Trainee: 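Take a look at the following structure, please.
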Amino acid sequence: TDQVHVYIRKGEEEKWGKYLISKNCLKAQKSQANLFLIPTEQEAFFKDAAKVKGFSVAPMPILLSDLLSFGGLAEEQANFLMEEWLNSRL
């Protein structure tokens with residue numbers, strides 16, 4: 001997929017917006033955007049995140065749930081990740 005959804009702490013939207021603008025990211029209409037900031041108050045998204053190649057990734061159950069709810073290619077990716085995740089635990 002060409003879209004990235006990023007969880008940020010609620011209240012940090014302006015800080016992240018300024019940071020991204022400073023890195024030459026451009027604001028876009030939703031239909032043209034490829035980076036989405038998702039504010040959340042759920043600390044589990046951050047404290048239980050896994051480090052993957054230097055990035056913090058939401059806990060697997062949350063990631064899978066979000067991908068499945070998004071549908072399409074995201075749902076296919078969720079099924080792939082779920083199979084890998086379950087196989088690694090057996």
Side-chain angles (χ1 to χ4, degrees):
T1 182
D2 61 350
Q3 295 181 350
V4 177
H5 294 221
V6 180
Y7 294 107
I8 61 171
R9 286 182 172 87
K10 190 167 184 159
E12 293 185 353
E13 299 90 339
E14 186 176 337
K15 178 179 103 173
W16 276 102
K18 287 179 181 178
Y19 172 77
L20 292 169
I21 295 292
S22 78
K23 297 296 181 186
N24 297 320
C25 294
L26 304 174
K27 289 186 178 182
Q29 297 297 320
K30 185 177 181 180
S31 62
Q32 298 173 325
N34 59 4
L35 175 65
F36 297 87
L37 301 179
I38 305 168
T40 181
E41 294 178 342
Q42 300 298 317
E43 280 301 312
F45 284 53
F46 307 105
K47 75 176 181 110
D48 297 332
K51 286 286 186 186
V52 178
K53 295 183 181 180
F55 293 94
S56 293
V57 178
M60 189 59 72
I62 294 169
L63 178 60
L64 293 174
S65 173
D66 286 353
L67 288 170
L68 287 169
S69 70
F70 201 76
L73 291 174
E75 186 174 353
E76 288 179 33
Q77 186 64 37
N79 289 324
F80 173 79
L81 289 172
M82 189 178 328
E83 188 173 319
E84 276 197 348
W85 184 56
L86 290 172
N87 286 338
S88 73
R89 296 188 171 284
L90 298 177

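Being a predicted model, the structure only gives us computed values, none of them experimental.
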Trainee: Can you list the residues that meet the side-chain contact (heavy atoms from CB on, under 4.5 Å) rule with Gln29, with sequence neighbours excluded?
Mentor: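 Expected list: Ser31, Gln32.
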Trainee: Any idea which heavy atoms bring Met82 and Leu68 closest together, and the distance?
Mentor: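 For Met82 and Leu68, the tightest heavy-atom pair comes out as CE-CD1, 4.1 Å.
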Trainee: Checking Ser56 now: which residues fulfil side chain to side chain donor-acceptor pair (under 3.5 Å) with it, not counting sequence neighbours?
Mentor: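 Ser56: side chain to side chain donor-acceptor pair (under 3.5 Å) contacts with Lys51.
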Trainee: Please list, chain by chain and in numerical order, all residues satisfying side-chain contact (heavy atoms from CB on, under 4.5 Å) with Val6, sequence neighbours excluded.
Mentor: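 Applying side-chain contact (heavy atoms from CB on, under 4.5 Å) to Val6 gives Val4, Ile8, Leu35, Leu37.
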Trainee: Once salt bridge (Lys or Arg N to Asp or Glu O under 4.0 Å) is applied, do any residues pair with Lys18, and if so which ones, sequence neighbours excluded?
Mentor: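 Here the qualifying residues are Glu14.
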Trainee: Using the rule that two of Ile, Leu, Val, Met, Phe, Trp, Tyr join whenever any of their side-chain heavy atoms come within less than 4.5 Å, decide whether Leu64 and Val52 are in one cluster.
Mentor: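 Yes; tracing contacts between hydrophobic side chains, which count when under 4.5 Å, links both residues.
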Trainee: For Glu75, enumerate each residue passing the salt bridge (Lys or Arg N to Asp or Glu O under 4.0 Å) test, keeping only those at least two apart in sequence or located in another chain.
Mentor: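 Scan of Glu75 (salt bridge (Lys or Arg N to Asp or Glu O under 4.0 Å), adjacent residues dropped) gives none.
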Trainee: Could you check if a side-chain atom of Ile21 sits within less than 4.5 angstrom of a side-chain atom of Lys27, using non-hydrogen atoms only?
Mentor: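 When only atoms from C-beta onward are counted, Lys27 and Ile21 do touch, with a gap below 4.5 Å.
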Trainee: With hydrophobic residues grouped by side-chain heavy-atom distances under 4.5 Å, do Ile62 and Leu81 end up in a single group?
Mentor: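 Per the 4.5 Å side-chain linkage, Ile62 and Leu81 are not co-clustered.
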Trainee: Please find the pair of heavy atoms, one from Ala58 and one from Leu63, that lie closest to each other, and give the distance.
Mentor: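 Scanning both residues, the minimum pair turns out to be O-CB, 4.1 Å.
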Trainee: Please list all pairs meeting ring-ring contact (aromatic ring centres under 6.0 Å, His included) that have one or both residues in residues 71-90, counting only residues at least two apart or in different chains.
Mentor: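 Not a single pair qualifies under ring-ring contact (aromatic ring centres under 6.0 Å, His included).
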Trainee: Which residues pass the side-chain contact (heavy atoms from CB on, under 4.5 Å) test with Glu83, not counting sequence neighbours?
Mentor: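 Scan of Glu83 (side-chain contact (heavy atoms from CB on, under 4.5 Å), adjacent residues dropped) gives Asn87.
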Trainee: In terms of ring plane angle, is the pair His5 and Phe70 parallel, tilted or perpendicular, where the classes change at 30° and 60°?
Mentor: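 The arrangement is perpendicular - the two ring planes meet at more than 60°.
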Trainee: By side chain to side chain donor-acceptor pair (under 3.5 Å), which residues pair with Lys53, not counting sequence neighbours?
Mentor: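 Partners of Lys53 under the side chain to side chain donor-acceptor pair (under 3.5 Å) test: none.
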Trainee: For Asn34, which residues count as a side-chain contact (heavy atoms from CB on, under 4.5 Å) partner, sequence neighbours excluded?
Mentor: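 Asn34: no side-chain contact (heavy atoms from CB on, under 4.5 Å) contacts found.
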Trainee: Could you list the residues that satisfy salt bridge (Lys or Arg N to Asp or Glu O under 4.0 Å) with Lys15, not counting sequence neighbours?
Mentor: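 With neighbours one apart ignored, the set is Glu12.
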Trainee: My understanding is that only residues two or more places apart in sequence, or in another chain, count here; which of them pass side chain to side chain donor-acceptor pair (under 3.5 Å) with Glu43?
Mentor: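 Only Arg9 meet the side chain to side chain donor-acceptor pair (under 3.5 Å) criterion with Glu43.
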Trainee: Once ring-ring contact (aromatic ring centres under 6.0 Å, His included) is applied, do any residues pair with Tyr19, and if so which ones, sequence neighbours excluded?
Mentor: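 Here the qualifying residues are Trp16.
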